[in-house]
S.K.: 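This is the structure, below, for whatever I ask next.
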Amino acid sequence: MTQTTAHTGTTARHGDGTGDTAVHTAAPATRARTVGRFLAHLAEMVVVMVLGMLLLGPAWDWAGAALGVEAALGRPDVGAVVMLLDMVAAMTVWMRLRRHSWRAIWEMNAAMAVPFAVLLALFWAGAATAGDVMLWGHVLMVPAMAAAMLLRPAEYTQHVHGFDLAWLRRRWPVLLGLTLLALTLAGGVGALPPWLILAVALVYPVVGLVRRSIRGRQMVLLQAAGLAVFAGVAVLATVLAGQDTGAYVVAAGLVGHAVWDAFHHRAGAVVWRWYAETCVVFDVLLAAAVVAVTLAP
């Protein structure tokens with residue numbers, strides 16, 4: 001009797017709710033081949049991590065100059081956090097492009113952050129130098145990443161992930177949000193009017209009326225309540241204009257609006273989903289810029 005070994009196909013649902021993605025499990029491999037695949041996957045992620053630092057670093061330099069916060073970004077602890085964010089951003093995009101589950105992505109992000117979190121705590125306590133943070137943060141990140149991979153070895157040694165280019169094409173609203181942010185930063189964050197919070201909040205009821213997408217009593221009440229809250233935030237920011245507290249109120253209002261955007265994006269309600277996604281990116285990063293400028297000496 002002749003036996004043949006066939007590849008088996010399984011279907012997995014990713015945590016982002018985009019639908020089922022076919023993930024093919026290869027035939028049983030030797031131990032050496034399994035280890036080789038594991039190490040190759042780890043090396044791939046290390047390369048992505050380095051590229052994230054190299055490609056996103058110039059964007060931080062430009063933003064720091066535009067906002068006048070170069071000195072703050074030059075601090076060793078802030079620089080370490082910025083570098084970590086660059087690496088995490090690159091890793092998140094790459095792993096999602098490679099069809100990894102969101103659970104695996106968050107585990108990898110946490111593993112990358114742990115060494116720097118520990119070292120920064122030691123730095124702030126005076127038990128480690130800035131050089132220690134940068135050197136050992138990167139050195140320890142690699143075994144931490146390997147440990148995250150060992151939590152689910154089959155994902156990194158057996159599955160053939162391929163590339164989800166359709167997901168990448170659907171992320172154009174993120175690029176639009178970043179472009180709008182760059183234009184805003186170039187114009188100066190310090191000149192942001194407090195009524196900006198009310199302006200962005202008005203988009204929802206206006207679009208909802210034009211598209212006739214505000215349906216049902218509950219949705220009408222929800223939109224009215226949201227508009228009232230953001231109007232109150234705008235009034236408070238106007239009263240406190242020119243003070244640090246006023247800037248923090250504007251930042252809080254932007255973050256609150258980002259949550260509002262995320263809710264509508266997930267529900268697919270009132271506005272276009274691309275608009276809500278664009279607005280989430282713009283609001284969160286603009287709020288961070290406002291806080292950075294306010295904290296800068």
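Bear in mind the structure is a predicted one, so any value in this text is a computation, not a measurement.
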S.K.: State the CE-CG distance between M145 and L140, to the nearest 0.5 angstrom.
M.R.: 13.0 Å

S.K.: Nearest 0.5 Å please: distance from the CE atom of M49 over to the CG atom of L84.
M.R.: 10.5 Å

S.K.: With L39, which residues qualify under side-chain contact (heavy atoms from CB on, under 4.5 Å), at least two apart?
M.R.: V35

S.K.: Transitively linked via ILVMFWY side-chain contacts under 4.5 Å: F230 with V259?
M.R.: no

S.K.: If two hydrophobic side chains count as joined below 4.5 Å and joins carry through other members, does M87 share a cluster with V139?
M.R.: yes

S.K.: Tell me every residue that passes ring pair (Phe, Tyr, Trp, His ring centres under 6.0 Å) with Y156, counting only those two or more places apart in sequence or in another chain.
M.R.: H41, H100

S.K.: Which residues pass the side-chain contact (heavy atoms from CB on, under 4.5 Å) test with L67, sequence neighbours left out?
M.R.: V69, L185, V189, A289, V293

S.K.: Does any part of the side chain of D132, heavy atoms only, come nearer than 4.5 Å to the side chain of F123, both counted from C-beta?
M.R.: no

S.K.: Do Y275 and H265 have ring centroids that are under 6.0 Å from one another?
M.R.: no

S.K.: Under 4.5 Å between any side-chain heavy atoms of W102 and T92, yes or no?
M.R.: yes

S.K.: Please report the closest heavy-atom contact between A237 and V250, naming both atoms and the distance.
M.R.: CB-CG2, 3.8 Å

S.K.: Is the closest side-chain heavy-atom distance between V81 and L120 below 4.5 Å?
M.R.: yes

S.K.: Tell me whether V50 shares a hydrophobic cluster with W136, the cluster being built from Ile, Leu, Val, Met, Phe, Trp, Tyr side chains joined at under 4.5 Å.
M.R.: yes

S.K.: When rounded to the nearest 0.5 angstrom, what is the spacing between CH2 in W124 and CG in L122?
M.R.: 10.5 Å

S.K.: Does the pair R171 and R96 meet the rule for a side-chain contact (heavy atoms from CB on, under 4.5 Å), with working shown?
M.R.: CA-CA 11 Å; R171 298 283 72 80; R96 186 59 192 84; over 6 Å; no

S.K.: May I ask whether L285 and W172 are part of the same hydrophobic cluster, defined by side-chain heavy atoms of I, L, V, M, F, W, Y residues being less than 4.5 angstrom apart, directly or through others?
M.R.: yes

S.K.: Any side-chain heavy atom of R273 within less than 4.5 Å of one from R170?
M.R.: no

S.K.: Whether the side chain of T278 engages the backbone of P173 through a donor-acceptor N/O pair (distance < 3.5 Å, no angle test) should be reported.
M.R.: yes

S.K.: Which residue in the set R99, M91, R98 passes side chain to side chain contact (heavy atoms under 4.5 Å, CB included) when paired with M95?
M.R.: M91

S.K.: side-chain contact (heavy atoms from CB on, under 4.5 Å) with L236: which residues, sequence neighbours excluded?
M.R.: L240, V249

S.K.: Would you say the side chain of L196 lies within less than 4.5 Å of the side chain of L286, judging by non-hydrogen atoms?
M.R.: yes

S.K.: I'd like to know whether L51 forms a side-chain contact (heavy atoms from CB on, under 4.5 Å) with L56, so could you lay out the CA-CA distance, the side-chain angles of the two residues, the decisive distance to 0.1 Å, and finally the verdict.
M.R.: CA-CA 8 Å; L51 287 176; L56 296 178; over 6 Å; no

S.K.: Decide if the gap between the ring center of F282 and the ring center of H257 is smaller than 6.0 angstrom.
M.R.: no

S.K.: Is the closest side-chain donor-acceptor distance between W260 and D283 under 3.5 Å?
M.R.: no

S.K.: Taking NZ, NE, NH1 and NH2 as the nitrogens, is one of them in R103 or E107 under 4.0 Å from a carboxylate oxygen of the other?
M.R.: yes

S.K.: Distance check, rounded to the nearest 0.5 Å: W94 atom CH2 versus I105 atom CD1?
M.R.: 12.5 Å

S.K.: Mind checking the CG-CG spacing from L73 to D61? Nearest 0.5 Å is all I need.
M.R.: 8.0 Å

S.K.: Quick one: closest heavy-atom pair of D86 and G52, and the distance?
M.R.: CB-O, 3.6 Å

S.K.: For a quick test of reading the model, state the closest non-hydrogen atom pair linking G137 to P115 and the distance between them.
M.R.: O-CB, 4.0 Å

S.K.: Quick check: closest heavy atoms across R152 and A104, and the distance to 0.1 Å?
M.R.: CD-CB, 3.8 Å

S.K.: Once rounded to the nearest 0.5 Å, what's the spacing between atom CD of Q223 and atom CG of L209?
M.R.: 9.5 Å

S.K.: Within the distance-only criterion (no hydrogens, no angle test), does the side chain of R211 pair as donor or acceptor with the backbone N or O of V270 below 3.5 angstrom?
M.R.: yes

S.K.: Testing the basics here: between A262 and V280, what is the closest heavy-atom pair and its distance to 0.1 Å?
M.R.: N-CG2, 3.7 Å

S.K.: With sequence neighbours left out, what residues match R75 under side-chain hydrogen bond (donor to acceptor under 3.5 Å, both in side chains)?
M.R.: D77

S.K.: Can you give me the closest heavy-atom contact between A258 and V284, atom names plus distance?
M.R.: CB-CG2, 3.5 Å

S.K.: Given 3.5 Å as the limit, does a donor-acceptor pair link the side chain of N109 with the main chain of W106, or not?
M.R.: no

S.K.: Between M141 and F116, is there a side-chain heavy-atom distance shorter than 4.5 Å?
M.R.: yes

S.K.: Same hydrophobic cluster for Y248 and V239, using side-chain heavy-atom links shorter than 4.5 Å among ILVMFWY?
M.R.: no

S.K.: As a quick check of understanding, evaluate side-chain contact (heavy atoms from CB on, under 4.5 Å) for M149 and M108, giving each step before the final call.
M.R.: CA-CA 8 Å; M149 293 170 65; M108 184 60 65; 3.6 Å; yes

S.K.: Test question: given the 4.5 Å side-chain rule for I, L, V, M, F, W and Y, name all other residues clustered with L198, or answer none.
M.R.: L202, L227

